[in-house]
> 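Attaching a single structure in structure tokens format; questions to follow.
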Amino acid sequence: MVTIRLTNSKTRKKEDFVPIDASNVRMYVCGPTVYDRAHLGNARPVVVFDVLNRLLGHVYGPDHVTYVRNFTDVDDKINAEALRRQKAGSPGTLEDLIHERTEETIAWYHADMDALGATRPDHEPRATEYIGQMVAMTQGLIDTGHAYAVEGHVLFRVRSYKDYGALSGRSVDDMIAGARVEVAPYKEDPMDFVLWKPSSGEEPGWASPWGKGRPGWHIECSAMSLELLGESFDIHGGGLDLQFPHHENEIAQSACAHPHGDFAHYWLHNEMLQVEGKKMSKSLGNFFTVRDLLTSGFPGWRGIPGPVIRYVFLLTHYRKPMDWRQATASNAKRRLDIWSSEVSANSDLKRDFETDREGFTKDFVGNEVVQALSDDLNTSLAITLLISTGKKLEGAERALLRSDEVEGLQRELVAGCFLVGIDLFAYGDSNKKRSEGIPEYLAKLIALRDTAMQTKDFSAVDALKSALTAAGVEVRMSKSGVELVPGPDFDPAKLEALQ
RNA sequence: GGCGGGUUGGCGGAGAGGUUACGCAGCGGAUUGCAAAUCCGUGUAGAUCGGUUCGAUUCCGAUACCCGCCUCCA
């Protein structure tokens with residue numbers, strides 16, 4: 001069996017991955033707060049841990065991996081949006097509006113992440129469904145002296161956990177030194193963080209021993225991972241920005257509430273996303289959602305297919321800052337177009353793959369690709385290997401191959417792509433859909449060109465060619481024939497206008 | 001101020017203590033009604049300084065610069 005190696009934030013080292021129970025490998029990843037559309041940065045951990053989930057499934061069997069990713073549906077921003085809607089005249093109670101908002105956002109999230117080829121986790125718990133467990137865990141922490149209730153709040157006593165700060169490499173004293181921490185008069189120590197806080201009149205709240213209130217953010221993940229994965233599990237993932245304080249606080253809570261468990265054995269953190277070299281932010285004007293990219297893309301484009309976005313993500317190792325750039329996306333699209341056209345004509349292959357994608361992948365994925373992914377998710381190297389497989393199917397080399405060799409390379413390419421979450425056939429099919437209407441122009445162009453070859457008058461050919469180019473269709477002519485390829489800015493409406 | 005990460009050819013981006021990464025762009029050639037595309041070939045590297053070594057871009061140390069986190073932003 002392949003040994004997976006992962007960089008563990010807890011030890012800062014790349015380690016062999018040894019599951020607690022190989023028949024049930026367990027992973028928890030912090031999910032989104034569902035108050036609005038996911039932006040591109042939100043998608044990075046989704047793709048990273050989706051690849052890991054697929055790899056674990058490949059190595060241990062899909063039925064032997066449990067992947068949990070939560071929805072945080074208790075949040076001030078959600079409340080604010082619901083309140084705004086109520087004031088704008090939306091019918092229903094505030095609670096209805098909150099529910100409406102979270103349901104809507106979760107549906108968006110699913111649609112957007114599905115488009116990126118991310119498999120849905122086995123469990124997607126919502127914080128509001130685990131309030132009882134959070135209250136119980138909080139009470140337990142009070143009982144053992146790790147937390148205290150004051151003025152309707154419950155606070156975690158940071159000094160009661162000696163390893164606090166170990167994950168992020170800080171000491172409580174250092175943190176206080178440079179600190180921008182909220183100093184509330186009721187805190188024993190400025191670093192103490194909230195487990196439960198009171199809700200005012202119109203805010204949503206749940207009954208608790210400390211009055212009507214709601215859980216703190218950190219306790220949510222501790223309670224949900226305990227419920228679904230147990231006191232000890234294998235992998236905990238999330239963005240690097242969550243390492244402190246969120247993950248540090250999770251560890252403190254879980255370790256103190258369940259001193260006999262180990263909580264997570266391996267902590268994985270993905271680096272952040274940048275846009276054209278800068279941090280994505282609303283003030284810089286380079287902020288966009290996944291949906292924006294899927295439907296619009298770059299200026300002049302008409303949407304970027306999800307697999308193309310995923311491919312761009314895969315080009316950068318998850319522990320390095322990733323830059324989202326138009327040039328990279330263009331290259332990615334081109335590569336996927338080439339790959340899908342290389343395999344799309346093989347309908348037997350398509351049928352085999354679509355009958356059982358996981359089984360097909362298991363059987364035909366290249367060993368080197370699995371090795372690359374197993375080495376701390378080296379997706380960039382995996383892509384390089386796939387490029388080299390793809391290259392063998394192009395150009396002069398292909399002519400030297402026997403048909404069974406071609407078939408073998410095609411299988412390897414399809415399987416390798418699927419292991420990193422790209423379905424080449426589905427991608428090809430959606431491309432075909434986009435280019436509906438093109439074939440008739442192809443026929444027209446060929447006819448015009450044939451005539452022109454006789455008459456030597458190419459004006460009609462050139463006119464149609466530039467019209468097609470203007471509509472975003474790339475025109476490729478050679479001795480062997482004419483090919484029309486829709487580009488990212490292909491606009492069917494402009495094509496209609498030609499008639 | 002504290003903590004962490006990074007610095008590879010024009011750009012992006014890997015592996016390996018000694019042997020071509022790779023992709024894009026560039027350049028030369030083939031092909032082409034023109035152009036694009038395609039095909040063949042090809043140059044360029046590892047922040048700085050020091051150490052270990054027969055030999056380091058790869059290991060160790062220092063310096064410089066960049067980035068992130070320390071704010072319920074993934």
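Remember, it's a predicted structure, so these values are computed and weren't measured experimentally. Each chain gets a letter, A, B and so on, in the order its sequence line appears, and its residues count up from 1. We use all heavy atoms of the structure for the numbers below, so side chains are in, but hydrogens, waters and symmetry mates are not.
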> Relative to the ring of His247(A), is the ring of His236(A) parallel (under 30°), tilted (30 to 60°) or perpendicular (over 60°)?
perpendicular
> OP1 or OP2 of G15(B) less than 4.0 angstrom from a side-chain nitrogen or oxygen of Asn378(A), does that happen here?
yes
> Expressed as a whole number of angstroms, how long is the span from Leu116(A):CG to A74(B):C1'?
14 Å
> Which listed nucleotide (C69(B), C72(B), A35(B)) is nearest to the side chain of Lys465(A)?
A35(B)
> Measure the distance from CG on Leu242(A) to C1' on U71(B) and round it to the nearest whole Å.
13 Å
> On RNA chain B, does the nearest nucleotide to Arg325(A) precede the nearest nucleotide to Gly216(A) from the 5' side, or the other way round? Give the residue.
Arg325(A)
> Do His317(A) side-chain and A14(B) base share a donor-acceptor contact under 3.5 Å?
no
> Now, which nucleotide makes the Watson-Crick or G-U wobble pair with G17(B), with each of the two distances under 3.5 Å?
none
> Using a heavy-atom cut-off of under 4.0 Å over every strand shown, decide if Leu315(A) touches base, sugar-phosphate, or nothing.
sugar-phosphate
> Go through C24(B), G33(B), C73(B) for me and flag the one nearest to the Met453(A) side chain.
G33(B)
> Glu394(A) side chain: which of C24(B), G33(B), C39(B) is closest?
C39(B)
> For the residue pair Pro125(A) and Leu228(A), what are the closest heavy atoms and their distance?
CG-CD1, 3.5 Å
> Is C24(B) paired to anything, Watson-Crick or G-U wobble with both distances less than 3.5 Å, and if yes, which nucleotide?
G10(B)
> Scan Gly169(A) against the nucleic acid and name what it touches under 4.0 Å (heavy atoms): base, sugar-phosphate only, or nothing.
sugar-phosphate
> Tell me which nucleotide, if any, is Watson-Crick or G-U wobble paired with U57(B) when both distances must be under 3.5 Å.
none
> Determine the Euclidean distance between corresponding C1' atoms of C73(B) and G68(B); express it in Å to zero decimal places.
13 Å
> OP1 or OP2 of G68(B) sitting under 4.0 Å from any side-chain N/O of Lys320(A)?
no
> Taking the side chain of Thr384(A) as heavy atoms from C-beta outward, which of A21(B), G33(B), A14(B) is closest to it?
A21(B)
> Between Tyr164(A) and Phe193(A), how do the two ring planes meet: parallel, tilted or perpendicular, split at 30° and 60°?
parallel
> Under a 3.5 Å limit for both distances, which nucleotide forms a Watson-Crick or G-U wobble pair with U48(B), could you say?
A62(B)
> Could you state the atom-to-atom distance from CD of Glu271(A) to P of G6(B) in whole Å?
9 Å
> So, are Arg214(A) and Asp76(A) salt-bridged, with charged N and O less than 4.0 Å apart?
yes
> For atom P, what is the distance between C60(B) and C65(B), given to the nearest Å?
23 Å
> Check every atom of C72(B), G33(B), A14(B) against the side chain of Val461(A) and return the nucleotide holding the closest atom.
G33(B)
> Does the distance from a Lys or Arg side-chain N to an Asp or Glu carboxylate O, for Arg37(A) and Asp292(A), drop under 4.0 Å?
no
> Answer yes or no: side-chain N or O of Lys197(A) and base N or O of C72(B) forming a donor-acceptor pair under 3.5 Å.
yes
> Can you see if the side chain of Arg334(A) gets near the phosphate of A37(B) - specifically, an N or O under 4.0 Å from OP1 or OP2?
no
> Out of G15(B), C72(B), C73(B), which has the shortest distance to the side chain of Leu381(A)?
G15(B)
> Taking only Lys NZ, Arg NE, NH1 and NH2, and the carboxylate oxygens of Asp or Glu, determine whether Arg69(A) and Glu124(A) approach each other closer than 4.0 Å.
yes
> Write down the distance between CE (Met191(A)) and C1' (C3(B)), rounded to a whole number of angstrom.
12 Å
> For the P atoms, the ones on U8(B) and on G4(B), what distance do you get once it is rounded to whole angstrom?
22 Å
> Please give the distance between the C1' atoms of C69(B) and G51(B) as a whole number of Å.
33 Å
> Is the closest basic N to carboxylate O distance between Asp189(A) and Arg159(A) below 4.0 Å?
yes
> Which comes earlier along RNA chain B counting from the 5' end, the contact point of Leu240(A) or that of Arg12(A), where each point is its nearest nucleotide?
Arg12(A)
> Need the pair for C39(B). Rule: Watson-Crick or G-U wobble, both distances under 3.5 Å, any strand; none if unpaired.
G29(B)
> What is the glycosidic conformation of G46(B): syn, defined as within 90° of 0, or anti?
syn
> What integer number of Å spans the C1' atoms of G10(B) and A25(B)?
7 Å
> In whole angstrom, give me the gap between the P atoms of C59(B) and G5(B).
14 Å
> What integer number of Å spans the C1' atoms of C11(B) and U19(B)?
27 Å
> Please report, rounded to the nearest Å, how far the P atom of G4(B) is from the NE2 atom of His247(A).
19 Å
> Select one nucleotide: of A74(B), C72(B), G23(B), the one nearest the side-chain heavy atoms of His39(A).
A74(B)
> Give one of base, sugar-phosphate or nothing for Arg319(A), where a contact means two heavy atoms less than 4.0 Å apart.
nothing
> Return yes if the base of C22(B) and the side-chain atoms of Lys391(A) contain a donor-acceptor N/O pair under 3.5 Å, otherwise no.
no
> CZ of Phe458(A) versus P of G33(B): gap in Å, rounded?
7 Å
> Separation of Ile338(A) atom CD1 from A37(B) atom P, in whole Å?
11 Å
> What's the closest nucleotide to the side chain of Met477(A) if the choices are A35(B), G68(B), C72(B)?
A35(B)
> Atom CG of Leu464(A) and atom P of C34(B): how far apart are they, to the nearest Å?
19 Å
> Determine whether a donor-acceptor pair (one donor, one acceptor, N or O, separation below 3.5 Å) exists between the side chain of Asp462(A) and the base of G33(B).
yes
> Before you tell me yes or no, could you show the steps for Arg291(A) and Asp112(A) under salt bridge (Lys or Arg N to Asp or Glu O under 4.0 Å), namely the whole-Å CA-CA distance, both residues' side-chain angles and the distance that decides it to 0.1 Å?
CA-CA 6 Å; Arg291(A) 182 53 41 182; Asp112(A) 294 347; 2.5 Å; yes
> For the P atoms, the ones on G46(B) and on G41(B), what distance do you get once it is rounded to whole angstrom?
26 Å
> Looking across every strand, which nucleic acid part, if any, lies under 4.0 Å from Val194(A) by heavy atom: base, sugar-phosphate, or nothing?
base
> Output the single nucleotide from C70(B), A37(B), A74(B) whose closest atom is nearest the side chain of Glu474(A).
A37(B)
> More than 12 heavy atoms of other residues, nucleotides or ligands under 6.0 Å from CD of Glu368(A): is that the case?
no
